[in-house]
Amino acid sequence: MGRILCIANQKGGVGKTTTAINLAAALARAGCRTLVVDFDPQCNATSGLGCRPLMHHPLARGQAVQDAIVRTSVAGLDLLPGTRSFRDVERLARDPTLTPAIRDQLRLGVAGYDFVLIDCPPSLGQLTRTALASADEVLMPIQCEYFAMEGLAQMIEVIRQVMHTEAPKLQFAGILLTMYDHTLELTLEVEREVRDFFGEIVFHTVIPRDVALAEAPSHGLTILDYAPRSRGARAYAELSWEVRELG
């Protein structure tokens with residue numbers, strides 16, 4: 001089995017889904033068989049890859065996930081779509097006793113992939129905890145803005161709890177700085193603070209502010225297909241190299 005990365009942060013708007021979609025596409029372009037698992041009830045990773053949400057989610061119903069996986073327009077990149085079914089989301093999000101079964105079912109269903117990227121909702125709730133318990137590594141995007149550090153300690157504490165109780169082998173893949181603007185003093189201050197505090201677990205690659213990154217999902221495309229020469233496309237290609245090197 002390959003590596004399962006959980007992309008998580010309880011804050012919204014920090015680039016979780018953007019990172020899940022575009023890092024996955026870059027990994028697939030590099031020849032890695034890759035799967036995105038959409039765990040967010042908003043299903044933005046699903047629509048961002050040009051696919052439709054599931055009517056019912058196999059993980060909520062004890063069914064095999066293989067039959068729900070679909071191919072995307074990116075060669076080598078598959079998707080387990082999310083669902084907006086209130087009943088299924090409630091079951092996944094409210095019943096912690098399901099976590100071991102979901103973890104085992106998910107791991108069995110994704111065997112054969114080099115990389116699996118789980119896109120989490122912006123919360124510290126059960127969906128995120130289940131995703132963390134199912135993963136080998138956690139990648140945490142944080143926005144280069146004033147409140148970047150707000151809640152970070154809380155997120156790390158949840159990760160440590162999951163490591164202690166459910167996933168002792170879970171590791172930090174790294175912290176990813178997003179919406180980076182080198183012309184802003186605030187961005188540079190946030191970067192210094194994060195790198196000084198967290199050191200080597202911060203990725204060298206930063207994801208720049210790039211309007212193309214915001215436009216691409218509305219076309220159901222990754223940044224590598226929508227604007228392959230953009231700064232955002234280059235950054236995610238560089239990030240995919242870093243992630244592969246960690247293995």
Side-chain angles (χ1 to χ4, degrees), residues 4-24 36-48 82 84 89 92-94 117-135 137-163 167 170-182 184-199 201-211 213-218 223 232 235-236 239 242-243:
I4 302 178
L5 279 73
C6 177
I7 301 177
N9 190 323
Q10 84 266 33
K11 290 178 66 65
V14 299
K16 288 188 300 296
T17 300
T18 298
T19 295
I21 290 172
N22 294 303
L23 174 56
V36 171
V37 176
D38 192 349
F39 246 44
D40 189 344
Q42 296 178 82
C43 298
N44 289 335
T46 298
S47 59
R84 296 192 180 110
V89 170
L92 289 169
R94 303 295 181 191
L117 276 60
I118 306 177
D119 184 35
C120 292
S123 76
L124 296 175
Q126 191 57 42
L127 277 172
T128 297
R129 289 172 179 265
T130 298
L132 287 167
S134 303
E137 305 165 57
V138 56
L139 188 158
M140 199 174 351
I142 65 171
Q143 193 174 359
C144 290
E145 293 193 355
Y146 182 75
F147 293 111
M149 302 293 283
E150 186 182 76
L152 200 53
Q154 188 179 7
M155 183 73 211
I156 290 173
E157 179 57 30
V158 168
I159 292 169
R160 285 175 175 161
Q161 288 174 11
V162 173
M163 287 177 173
L170 182 66
Q171 299 178 347
F172 276 100
I175 293 172
L176 177 66
L177 296 168
T178 64
M179 302 178 197
Y180 189 95
D181 185 345
H182 70 277
L184 297 178
E185 181 61 31
L186 177 59
T187 293
L188 302 180
E189 289 178 6
V190 170
E191 181 180 24
R192 280 195 298 268
E193 187 173 351
V194 172
R195 292 194 187 279
D196 286 347
F197 190 84
F198 292 103
I201 69 168
V202 183
F203 285 105
H204 294 294
T205 303
V206 297
I207 307 301
R209 284 192 178 275
D210 186 347
V211 66
L213 284 170
E215 293 172 347
S218 66
I223 189 64
Y236 277 109
L239 178 64
E242 272 200 79
V243 169

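Just so you know, these numbers come straight off a predicted model, no measurement behind them. Below, each value reflects all heavy atoms present in this structure, side chains not excepted, and no hydrogens, waters or symmetry copies.
A 4.5 Å side-chain heavy-atom check between Ile142 and Phe198 finds every atom pair outside the cut-off. Taking 4.5 Å as the limit, every side-chain heavy atom of Val37 sits out of range of all side-chain heavy atoms of Ile4. Side-chain contact between Val190 and Glu145 is absent, with no heavy-atom pair separated by less than 4.5 Å. Between Gln161 and Arg129, some side-chain heavy-atom pair lies under the 4.5 Å cut-off. Between Ile7 and Pro141, some side-chain heavy-atom pair lies under the 4.5 Å cut-off. Ile207 places a side-chain heavy atom less than 4.5 Å from the side chain of Leu213. Inter-residue side-chain proximity for Gln10 and Thr128 is flagged as unmet; no heavy-atom pair is nearer than 4.5 Å. The shortest side-chain heavy-atom distance between Val89 and Arg84 does not fall under the 4.5 Å cut-off.
Here the CD1 atom belonging to Ile21 is positioned 7.0 Å from the OG atom belonging to Ser47, to the nearest 0.5 angstrom. A distance of 9.0 Å separates OG1 of Thr18 from CG of Asp119, quoted to the nearest 0.5 Å. For the atom pair CG of Leu23 and CG of Leu239, the computed distance is 5.0 Å after rounding to the nearest 0.5 Å. Residue Phe172 holds its CZ atom at 5.0 Å from CE of Met163, rounded to the nearest 0.5 Å.
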**Request:** Carefully, step by step, assess Leu188 and Tyr180 under the rule side-chain contact (heavy atoms from CB on, under 4.5 Å).
**Result:** CA-CA 9 Å; Leu188 302 180; Tyr180 189 95; 3.5 Å; yes

**Request:** Would you please test Phe197 and Val202 for side-chain contact (heavy atoms from CB on, under 4.5 Å) and show each step?
**Result:** CA-CA 10 Å; Phe197 190 84; Val202 183; over 6 Å; no

**Working for side-chain contact (heavy atoms from CB on, under 4.5 Å), residues Met140 and Ile159** = CA-CA 11 Å; Met140 199 174 351; Ile159 292 169; 4.0 Å; yes

**Request:** Go through the steps to decide whether His182 and Thr187 satisfy the test side-chain contact (heavy atoms from CB on, under 4.5 Å), and finish with yes or no.
**Result:** CA-CA 6 Å; His182 70 277; Thr187 293; 6.0 Å; no

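In plain terms, the two heavy atoms of Ala45 and Val36 that are nearest each other are CB-CG1, 4.3 Å. Contact detail for Thr178 and Gln143: the closest heavy-atom pair is OG1-CA, 3.6 Å. Counting all heavy atoms, side chain and backbone alike, Ala173 lies closest to Glu137 at CB-OE1, 3.6 Å. Nearest heavy atoms, Cys6 versus Ala131: SG-CB, 3.8 Å. Closest of all the heavy-atom pairs between Pro121 and Leu127 is CG-CB, 3.9 Å. Taking every heavy atom of both residues into account, Thr130 and Ser134 meet most closely at O-OG, 2.8 Å.
Residues Asp38 and Thr46 have side chains that bring a donor and an acceptor to within less than 3.5 angstrom of each other. Between the side chains of Tyr236 and Thr205, not a single donor N or O lies within less than 3.5 Å of an accepting N or O.
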